[in-house]
Amino acid sequence: MPELPEVESIATRLRQGTHEQPSLLGQPIVAGQVLWELAVASPAPTEFLARIRSQVIQQIGRRGKFLVFRLSPDTLLFHLRMSGDLLIEGRSAPLAAHHRLTLDLGDGRRLAFNDPRKFGRAWLVGDPQEILGELGPEPLDPALTAEEFGRRLSAHRRQLKPLLMDQRFLAGLGNIYADEALHHAHLHPLTQASRLSASQGERLLQGIRQVLQEGIRRNGASIDWAYRGGEFQNYFRVYGRAGEPCLECGAPIQRIVVGQRGTHFCPACQPGP
DNA sequence: CACGAGACCTGTTCGC
DNA sequence: TGCGAACAGGTCTCGT
């Protein structure tokens, strides 16, 4: 499910709160329940619960597709993988079908990690770099210049689509936003990264930033049953639109499989390598 | 280094 | 209608 914009939307919602739900900042974690053992990657569930008790939520952020809760003194990390989500509910609400981990807060609410497919994970660590250390740059960080991005591209002979989804190359893109970004940049997903010109590299970075910013502005995408997010799914230009006309040129959008992932592009706007 | 296949899981949708 | 296959926002590991 969640790629960078969806994770960003969740982090913002939990940090800023909404009309009905106040912010989580300042809340102590007073208890917890592990409902699916593998949902806690480390430390072991018993130690995780013992150690997290009475730590206070100081900061809520995002790095790549990870949600980052700065506690005191540890850091709580979540990766939602394909179908995870974080919900706030009353502490006495009945446990929903796919809750994998719940954390009781000081004010009577409960933070619930819900994940039908059980791929998502939580970590409690002293140093978040332990988990986040290998991630590539943040695509929206202004410190990532077109020149630097171009240098990184030229260092790889891989195809663009799998390279963009490699979190060590760039942190946060997934299958949807990679396809959308390549369409924005008018680049074929199978193009070899090292063969891009400087201006094509710059166009790609612009395309990436544009689709991510639009995704964030619309609070992410909601796809079928798995994730109730924002409205960005109504604005996809290629993802999930195989056979439908390209919104730019009218040619039918094509679907191929790259690295075992469905890949959507316009054969006219994104000419083959 | 790059790529493909398989594994981890459940739920929905598609095709016959 | 029913039922199995295909497919889904991600990542890890292993083999070539």
Side-chain angles (χ1 to χ4, degrees), chain A residues 1-11 35-42 62-67 77-86 96-101 113-123 131-136 139 152-182 189-195 208 211-212 214-216 218-243 255-264 273:
Chain A
M1 143 209 102
E3 304 180 35
L4 186 155
E6 288 75 30
V7 179
E8 180 73 27
S9 298
I10 294 172
L35 303 153
W36 168 253
E37 299 263 315
L38 293 182
V40 175
S42 90
R62 176 196 60 75
R63 174 78 172 96
K65 300 175 194 171
F66 286 84
L67 275 151
L77 301 169
F78 284 96
H79 196 304
L80 306 176
R81 295 279 177 94
M82 294 286 264
S83 61
D85 198 2
L86 285 176
H98 305 300
H99 280 9
R100 308 304 180 197
L101 168 67
F113 174 45
N114 185 279
D115 183 21
R117 288 180 72 177
K118 300 181 174 175
F119 289 162
R121 296 290 182 268
W123 295 258
I131 309 296
L132 309 176
E134 300 266 278
L135 290 177
R152 294 178 71 85
L153 282 171
S154 58
H156 295 274
R157 244 180 294 182
R158 301 172 66 184
Q159 298 169 327
L160 285 179
K161 171 75 187 278
L163 183 62
L164 290 180
M165 293 181 59
D166 186 334
Q167 303 299 299
R168 291 166 306 185
F169 178 74
L170 198 63
L173 283 190
N175 205 36
I176 292 179
Y177 291 90
D179 281 3
E180 295 294 318
L182 287 167
L190 299 183
T191 308
Q192 286 204 341
S194 57
R195 297 185 49 199
I208 290 167
V211 296
L212 291 177
E214 192 185 348
I216 290 171
R218 302 192 187 282
N219 295 312
S222 314
I223 306 256
D224 58 56
W225 53 278
Y227 175 68
R228 83 267 153 333
E231 295 296 316
F232 188 55
Q233 69 282 1
N234 299 322
Y235 300 90
F236 291 161
R237 300 219 226 163
V238 287
Y239 183 84
R241 298 192 59 243
R255 179 187 187 275
I256 59 175
V257 175
V258 182
Q260 308 185 146
R261 310 302 302 272
T263 296
H264 314 74

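In what follows, every chain begins at residue 1, and chains take the letters A, B, ... in the order their sequences are listed.
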May I have the distance from [X] (atom [atom1]) to [N] (atom [atom2]), rounded to whole angstrom?
{"X": "A:His99", "N": "B:dT10", "atom1": "NE2", "atom2": "P", "answer": "17 Å"}
{"X": "A:Leu80", "N": "C:dG10", "atom1": "CG", "atom2": "C1'", "answer": "11 Å"}
{"X": "A:His264", "N": "C:dG9", "atom1": "NE2", "atom2": "P", "answer": "8 Å"}
{"X": "A:Arg117", "N": "B:dT10", "atom1": "CZ", "atom2": "P", "answer": "10 Å"}
{"X": "A:Phe78", "N": "C:dG10", "atom1": "CZ", "atom2": "P", "answer": "19 Å"}
{"X": "A:Asn175", "N": "C:dA8", "atom1": "CG", "atom2": "P", "answer": "8 Å"}
{"X": "A:Phe119", "N": "B:dG11", "atom1": "CZ", "atom2": "C1'", "answer": "12 Å"}
{"X": "A:Ile176", "N": "C:dG10", "atom1": "CD1", "atom2": "C1'", "answer": "12 Å"}

With rounding to whole Å, what would you report as the distance between [N] and [M] at their [atom1] atoms?
{"N": "B:dC14", "M": "C:dG9", "atom1": "P", "result": "15 Å"}
{"N": "B:dC1", "M": "C:dG10", "atom1": "C1'", "result": "22 Å"}
{"N": "B:dA5", "M": "C:dA8", "atom1": "P", "result": "15 Å"}
{"N": "B:dG6", "M": "C:dA5", "atom1": "P", "result": "16 Å"}

Using a cut-off of strictly less than 4.0 Å, decide whether [X] has a side-chain nitrogen or oxygen near OP1 or OP2 of [N].
{"X": "A:Arg255", "N": "C:dA6", "answer": "no"}
{"X": "A:Tyr239", "N": "C:dG9", "answer": "yes"}
{"X": "A:His98", "N": "B:dG11", "answer": "yes"}

Open item on the list: Assess whether a salt bridge exists between A:Asp179 and A:Arg237, defined as any Lys/Arg side-chain N lying under 4.0 Å from an Asp/Glu carboxylate O.
Closed with: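 No, A:Asp179 and A:Arg237 are not salt-bridged.
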
Could you tell me the separation between the [atom1] atom of [X] and the [atom2] atom of [Y], rounded to the nearest 0.5 Å?
{"X": "A:Gln233", "Y": "A:Arg218", "atom1": "CD", "atom2": "CZ", "answer": "10.0 Å"}
{"X": "A:Leu160", "Y": "A:Arg195", "atom1": "CG", "atom2": "CZ", "answer": "10.5 Å"}
{"X": "A:Gln159", "Y": "A:Thr263", "atom1": "CD", "atom2": "OG1", "answer": "9.5 Å"}
{"X": "A:Asp85", "Y": "A:Ile10", "atom1": "CG", "atom2": "CD1", "answer": "4.5 Å"}
{"X": "A:Asn219", "Y": "A:Glu6", "atom1": "CG", "atom2": "CD", "answer": "10.0 Å"}

Open item on the list: Main chain of A:Asp115, side chain of A:Arg100: is a donor-acceptor contact present, judged purely on distance under 3.5 Å?
Closed with: yes

- [ ] Mark yes or no for whether A:Arg168, through its side chain, and A:Leu170, through its backbone, hold a donor-acceptor pair below 3.5 Å.
- [x]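 No, the answer is negative, given that no donor and acceptor are paired below the 3.5 Å cut-off.
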
Open item on the list: Suppose we call two aromatic rings close when their centres sit under 6.0 Å apart. Are A:Phe232 and A:Tyr239 close by that rule?
Closed with: no

Name the pairs: protein N/O against N/O of nucleotides 1-3 of chain B, kept only if under 3.5 Å.
unit_1: B:dA2; atom_1: OP1; unit_2: A:Arg157; atom_2: N; d: 3.0
unit_1: B:dC3; atom_1: OP2; unit_2: A:Arg158; atom_2: NE; d: 3.4

Task: Any strand: nucleotide that pairs with C:dG9 via Watson-Crick or wobble, under 3.5 Å - done: none

Open item on the list: Check the orientation of A:Trp123 and A:Phe66. Use parallel for under 30°, tilted for 30 to 60°, and perpendicular for over 60°.
Closed with: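 Geometry flag for A:Phe66 against A:Trp123: tilted rings.
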
TODO: Report, as a single string ordered 5' to 3', how protein heavy atoms within less than 4.0 Å touch nucleotides 11-16 of chain C: B base, S sugar-phosphate only, - not at all.
DONE: B-----

